[in-house]
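The next block holds one structure in the form of structure tokens; read it before the comments.
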2 protein chains.
Amino acid sequence: MFIPAIKGQGTDEQHQKWLPFAYKMQIIGCYAQTELGHGSNVQGLETTATFNPKTDEFILHSPTLTSSKWWPGGLGKVSTHAVVYARLITDGKDHGVHGFIVQLRNLEDHSPLPGITLGDIGTKFGNGAYNTMDNGVLRFDHVRIPRDQMLMRVSQVTREGKYKQSDVPRQLVYGTMVYVRQTIVADASCALSRAVCIATRYSAVRRQFGSQNGGPETQVIDYKTQQSRLFPLLASAYAFRFVGEWLKWLYTDVTQKLQANDFSTLPEVHACTAGLKSLTTSVTADGIEECRKLCGGHGYLCSSGLPELFAVYVPACTYEGDNIVLLLQVARFLMKTASQLGTGKQPVGTIAYMGRIEHLMQCYSDVQNAEDWLKPSVVLEAFEARAARMSVACARNLSKFANPEEGFAELSADLVEAAIAHCQLIVVSKFIEKLQQDIPGKGVKKQLEMLCSVYYLFLLHKHQGDFIATSCITPKQASLANDQLRALYSQVRPNAIALVDAFNYTDHFLGSILGRYDGNVYPKLYEAAWKDPLNESDIPDGYHEYIRPLLKQQLRAARL
Amino acid sequence: MFIPAIKGQGTDEQHQKWLPFAYKMQIIGCYAQTELGHGSNVQGLETTATFNPKTDEFILHSPTLTSSKWWPGGLGKVSTHAVVYARLITDGKDHGVHGFIVQLRNLEDHSPLPGITLGDIGTKFGNGAYNTMDNGVLRFDHVRIPRDQMLMRVSQVTREGKYKQSDVPRQLVYGTMVYVRQTIVADASCALSRAVCIATRYSAVRRQFGSQNGGPETQVIDYKTQQSRLFPLLASAYAFRFVGEWLKWLYTDVTQKLQANDFSTLPEVHACTAGLKSLTTSVTADGIEECRKLCGGHGYLCSSGLPELFAVYVPACTYEGDNIVLLLQVARFLMKTASQLGTGKQPVGTIAYMGRIEHLMQCYSDVQNAEDWLKPSVVLEAFEARAARMSVACARNLSKFANPEEGFAELSADLVEAAIAHCQLIVVSKFIEKLQQDIPGKGVKKQLEMLCSVYYLFLLHKHQGDFIATSCITPKQASLANDQLRALYSQVRPNAIALVDAFNYTDHFLGSILGRYDGNVYPKLYEAAWKDPLNESDIPDGYHEYIRPLLKQQLRAARL
């Protein structure tokens, strides 16, 4: 995280001076933004960097308890340097939050430099997970750094203490944001597919009930209740992979446009990446836990790999933009788009469908039988109509408020739902687009088409209230969609194992006994148990101190 | 768990002989049912107890790897005795699963008795949670126990090796099951209210965005997005408490009926307790995690109390009946009830509404404006109609299958949804019933009425697809319900803190810095960080071995 931050924001001179350091900082640098009192509201950070023109230095200071830096990874015990975000103050004037390179520790003995307090903030969720690193707390007591340690690509402070903007467009930082969010979406697909791979393989190993005439019991993957929870997650893992690949393209595209000073698509790109980050991480976190439950009791063992996968993954819902805050940003964009309809400004990219608003407000689905739900055009129109109508309904309700901000606050729960509808449409449409391309491998396309249908029909069933209430589809059509979904589960079943094997994860990477490629689950679970340190002796530590006295004493008491 | 098991299932003589032991076993006895290969399907357990008439003994044996006992708490390192569930075999005949009291360890030195293998099954979810106890594995290699160590209340083996049923009704075991599930529902309310208390208090402390003219930022509890996630959980915590209290009454009632040999209500009581166990534990597990997310990044710290609360709580979704398996049991009961409509057999208790099926299939809601949704009779009818119509729709679809079992399997995901609708109705109706009683305390009833409305309107909004698709309500009425829900959030807000203070949890019990009664969160979070063992020294362990060599080496490399 450190080097892109410098690369994106430092001047060329800074790069020359700091790059040798930066190589080192790959290991011992950190990005110190979040404070005890401020996370989402970055503009509310309290740490100050006050310029002193007499010495040509900034004075870094933590004026309040809540201004303590809190959470940066590696900051507490390992980092020697950090990029610290602080309010820039020159000549008594507050210019908002800027970045500063600050040395934290002595390079000879690793001791914190004068005026700097460093520590770890404590244990976190999970028994490994982020507890295998430190997350730090940092306070400054009037710490002085040279002026050229401010990241000056976008704004600068002169030797005289004048604050000025450079001619580098501020929008450039969006490029980094798109890059980071694209990696988060790709990570979501990776994490979800790991969990799904474990749960799918184990569901084929585990048998429970259904023995007939003394034969083997039924594989739990053959139960419709298992399929209806597992296969939509399998489909989601593929869906997120494809939308992640598309985001990679989007990053290239937006980078080229930024370099050509074309900022026209930025609002749409920002809303799209914010929404996809939120959608994919929420589904993945919940999906990992659902996969754990799908493994029954044994999923609760660390040797299943799932508890730690969950504990490691779940902060993705909070970091790099809290998922609800991000959906509200999407909603703002949707409301702005809705308000500009008819002004001649044509919506582009993932919001282009709003340009066909008149059609989408009055179209109705012509699905007559279950198989009609396999037609991509039918599905796309239903998802577009649902998203458009939910946005328009919110816009209409908003217009009843004299104060738009008050309206936005009051209706924000509804706006979040409209944003989710928009984001789901993006994922569905990119999955469908992917399948319009050539897909190598015999029969692979057919399998992916089934997963694509499972993905959108699962969403349609889950959110049937949206679709029916906005009259995009009828209750009868919703019921047909559910029938088709049920039929698809049976069709996905024979290839379910192949579809998770296709992720090509090694057993080492999966880290799960339940998810072993060879299916040899029970002997290996049993074997693993004996490696537990508690099993090094038959008589546990504490027997003589606690268990034996208790036993003997209680026996006496019972006989009195 | 041990003593009720013996009380419920042993003979009087066994009580006399074993009770002094049982007192001891409160600490060192365990209930060994689940095996590596079988959890939900208890009838599929593989451990055998073969009677040997020559010696008047049973021979306990683990014939397969998957027959290893797996999961019983305390079994691996602590228990000296266990009630072991095993297949009873007399004269070559398998009589199914029965309970046996088995001594596992020598009482003098705690070593496992000959033929017995004992160990711990490994680490589990969370960094404390169930890792503070052992969960055990147990194998038998032809272990002999006297015949009178079989629990013989319901079935007996004579000295000659004859298997016979006693005249004690087998249904008696349902009494214990109702008792256990009632405590699980009460625990759900307790766990959910702990999480809600933490998240609500911290939401009043945390401020983010919305500062005007340099004033304080907005308390996050004032955001509608926060309210729309938090207040339904607050309402659920109260709802589960009331339905839990009602279950206590139900336990007394069913116990009296059982003693009078009246088993008529058992199927309904069984379905009701199974469903409520499933519903309340699922909502609570998800709700704890939602509360953690509502606390933002700081919720990920163990000092928030929420990660451990989640890790400790979440197995409740799996133990004492997997939640999906239980919902399928409810669904079976619903389908049976539906099939008996019109036969003169009148549905009783929580399913009594199905007796008014003709009305419920054709009624429609007369809600005209948002406030109409505050009328309990209107709400009850909508929830009853939804549950009834979903059951009837499933029953109709089932009737299309030649083989009812195949139909049940094929439609099981829909059946689970019908079961959830039925269970939600029970909770809503018990909340409404509670409010028909006198509630002491000025204004308390009014507050609880608001929470009750939040509870059912949240459900109605979440499941609006069910309500609209079955024509119980119109899209317009669903929208009015949502308007009323939004208005209620604003009304609940002023008393939200009082409503969680009312749970009367001490800070010690809550174990959460974010949830402190005095709201002094940030100083205490900061203070707690310094108690982390990592902070005992400024220079972390490993600096000289790992960090310094890395630093120095890389600096050299960079300068070459």
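Labels below follow one simple rule: chain letters A, B, ... track the order of the sequence lines, proteins then strands, and each chain is numbered from 1.
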### Message
How long is the straight-line distance from NZ of B/Lys124 back to OG of A/Ser303, given to the nearest 0.5 Å?
### Response
11.0 Å
Below 4.5 Å from any heavy atom of chain A, which atoms of [X] appear? Answer side chain, backbone, both or neither.
X	value
B/Tyr223	neither
B/Thr225	both
B/Asn323	neither
B/Tyr319	neither
B/Ile547	side chain
B/Arg207	backbone
B/Ala413	both
B/Leu301	both

#### Entry: Within 6.0 angstrom of B/Tyr546 OH, more than 12 heavy atoms from elsewhere
no
Check whether [X] gets within reach of chain B through its side chain, its backbone, both or neither, counting any heavy atom under 4.5 Å.
X	result
A/Ser537	backbone
A/Asn41	both
A/Phe310	side chain
A/Glu217	side chain

### Message
Quick one: does any side-chain atom of A/Tyr526 pair with a main-chain N or O of B/Thr66 as donor and acceptor, under 3.5 Å?
### Response
no
### Message
Could you check whether B/Arg486 pairs with A/Asp414 (Lys NZ or Arg NE/NH1/NH2 to Asp/Glu carboxylate O, under 4.0 Å)?
### Response
yes
